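As the structure is a prediction and not an experimental result, all values here were calculated from the model. Throughout, protein chains are lettered first and strands after them, A, B, ... in sequence-line order, and every chain is numbered starting at 1.
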There are 2 protein chains.
Amino acid sequence: MEKRLERIKKHLHSQGYKLTPQREATVRVLLEHEEDHLSAEDVYLLVKEKSPEIGLATVYRTLELLADLKIVDKINFGDGVSRFDLRQEGAAHFHHHLVCIECGSVDEIQEDLLGDVEAIVERDFNFRIKDHRLTFHGICYRCNSKGNKENKNESQNAETV
Amino acid sequence: MEKRLERIKKHLHSQGYKLTPQREATVRVLLEHEEDHLSAEDVYLLVKEKSPEIGLATVYRTLELLADLKIVDKINFGDGVSRFDLRQEGAAHFHHHLVCIECGSVDEIQEDLLGDVEAIVERDFNFRIKDHRLTFHGICYRCNSKGNKENKNESQNAETV
DNA sequence: GTCCTTGCAAATAGTTTGCACGGAT
DNA sequence: ATCCGTGCAAACTATTTGCAAGGAC
């Protein structure tokens, strides 16, 4: 993990930015919560645990910077909040998401899967693809097996990030 | 177009809602701007031209209602605004979008394209897909040919949308 | 009357911005 | 001495909500 931090630092430097303590703290939180899909507020609260003096605006500014540098991706699942997701190092494309409409969980799919589709789009629509967003909404494997028990269960929300 | 309005009316009635004048005006605007991807504010301004007494909150409430009934889809291209898109009648799935990072245009792809991908996701991740969102970001055919004019390029002009 | 729906205004939520200060070069 | 980055508060934008009033049945 230190290695990735180091590389991010270089990436920042190469663009004329510094890895300030606040930015480092923010990146660390992102690295430690790679699986989650944190909102800016989530990140802020987590950063605050280690660096209580940080301001919310700084977190927003850092996340925006990281998004500009393609270090993180800003995503939006339709609940009015932006979420931030570290890009896999060296990944050609952004990964996909499975959003469960029952428990709210968000899982990731690292496989590309879209190769053929993109070829068709590029050819048929003369569209030069730079990036994509693919999200499936449905019932996740957890809720699927739960539902099989035919239990008219109620509020046991899963992690939901 | 009247026919679609009629069906939407029935759809509302079947769920215990009425097609009030305000709702009708809103739906008409959506029907007349099917190609566009209007924000709530856009819809509001357009509805206001014909029905000046309507309130913004009513438009929001109507759009939310239509989204609940799956008559429209709420989409989000990452600029903090929700946009509303009429669902194709009888379409099993939501259509896809091509967002141009150069000129900001948004084109639609009605073809499904995701059949194979969805089969894989359902099988490998035990995820029951109910809906999806697929957006490509890149350079549209218009900007492609524009950029090509000064360069050496040849026969590839599309007219999709 | 009862239930829905509406317009308006106020409230909220998320995010951005202005500004003066502080630290590193 | 300059430049970048920060914290704070205020500003802004998009959206939601409370409420009194109007209309259909």
Which nucleotide in the set C:dT5, D:dG7, D:dT15 lies at the smallest distance from any side-chain heavy atom of A:E53?
D:dG7

What verdict does the side-chain hydrogen bond (donor to acceptor under 3.5 Å, both in side chains) test give for A:D73 and A:H95, after you've listed the backbone C-alpha separation in whole Å, the side-chain angles of each residue and the deciding distance to 0.1 Å?
CA-CA 10 Å; A:D73 275 298; A:H95 56 260; over 6 Å; no

Take the protein atom CD of A:E41 and the nucleotide atom P of C:dA13, then report the distance between them rounded to whole Å.
10 Å

The nucleotide from D:dT15, C:dT17, C:dT5 with an atom nearest the side chain of B:L56 is D:dT15

Once the angle between the rings of B:H132 and B:H96 is folded into 0 to 90°, is it parallel (under 30°), tilted (30 to 60°) or perpendicular (over 60°)?
tilted

For B:R23 and for B:A57, locate the closest nucleotide of DNA chain C by heavy-atom distance; then report the residue assigned to the nucleotide nearer the 5' terminus.
B:R23

I need the CG-P distance between A:L19 and D:dC4, as an integer number of Å.
17 Å

Taking only the side-chain heavy atoms of B:I54 (C-beta and beyond), determine which of C:dG7, C:dT15, D:dG5 contains the nearest atom.
C:dG7

Can you check the A:N76 CG to C:dT15 C1' distance for me, whole Å?
13 Å

Pair B:R87 + B:D131: basic N to acidic O under 4.0 Å
yes

Rounded to whole Å, NZ of B:K48 lies from C1' of C:dT6 at a distance of 13 Å

Base, sugar-phosphate, or nothing for A:E64, non-hydrogen atoms under 4.0 angstrom?
nothing

Send over the distance from A:D79 CG to D:dT16 C1', rounded to a whole Å.
15 Å

Taking OP1 and OP2 of C:dT15, is either one under 4.0 Å from a side-chain nitrogen or oxygen of A:S82?
yes

Can you see if the side chain of B:Y60 gets near the phosphate of D:dT16 - specifically, an N or O under 4.0 Å from OP1 or OP2?
no

Taking CG from B:L66 and P from C:dT5, how many angstroms apart are they, rounded to a whole number?
12 Å

Among C:dT17, D:dA14, C:dC4, the one nearest any side-chain atom of B:K18 is C:dC4

Check the distance between C:dT5's P and B:E24's CD and give it to me in whole angstrom.
15 Å

Side chain of B:Q22: nearest nucleotide among C:dT6, C:dC4, D:dT15?
C:dT6

Do the side-chain N or O atoms of B:T58 get closer than 4.0 angstrom to the phosphate oxygens (OP1, OP2) of C:dT5?
no

Integer-rounded Å distance: D:dA24 P and B:H13 NE2
13 Å

Give a yes/no on whether any side-chain N or O of A:R61 is located under 4.0 angstrom from OP1 or OP2 of C:dT17.
no

Main chain of B:I54, side chain of B:S51: is a donor-acceptor contact present, judged purely on distance under 3.5 Å?
no

Can you confirm whether the side chains of B:Q110 and B:E108 place a donor and an acceptor under 3.5 Å from each other?
yes

Taking the nucleotide of DNA chain D with the closest heavy atom to each, which residue, B:S39 or A:Y17, is nearer the 5' end?
A:Y17

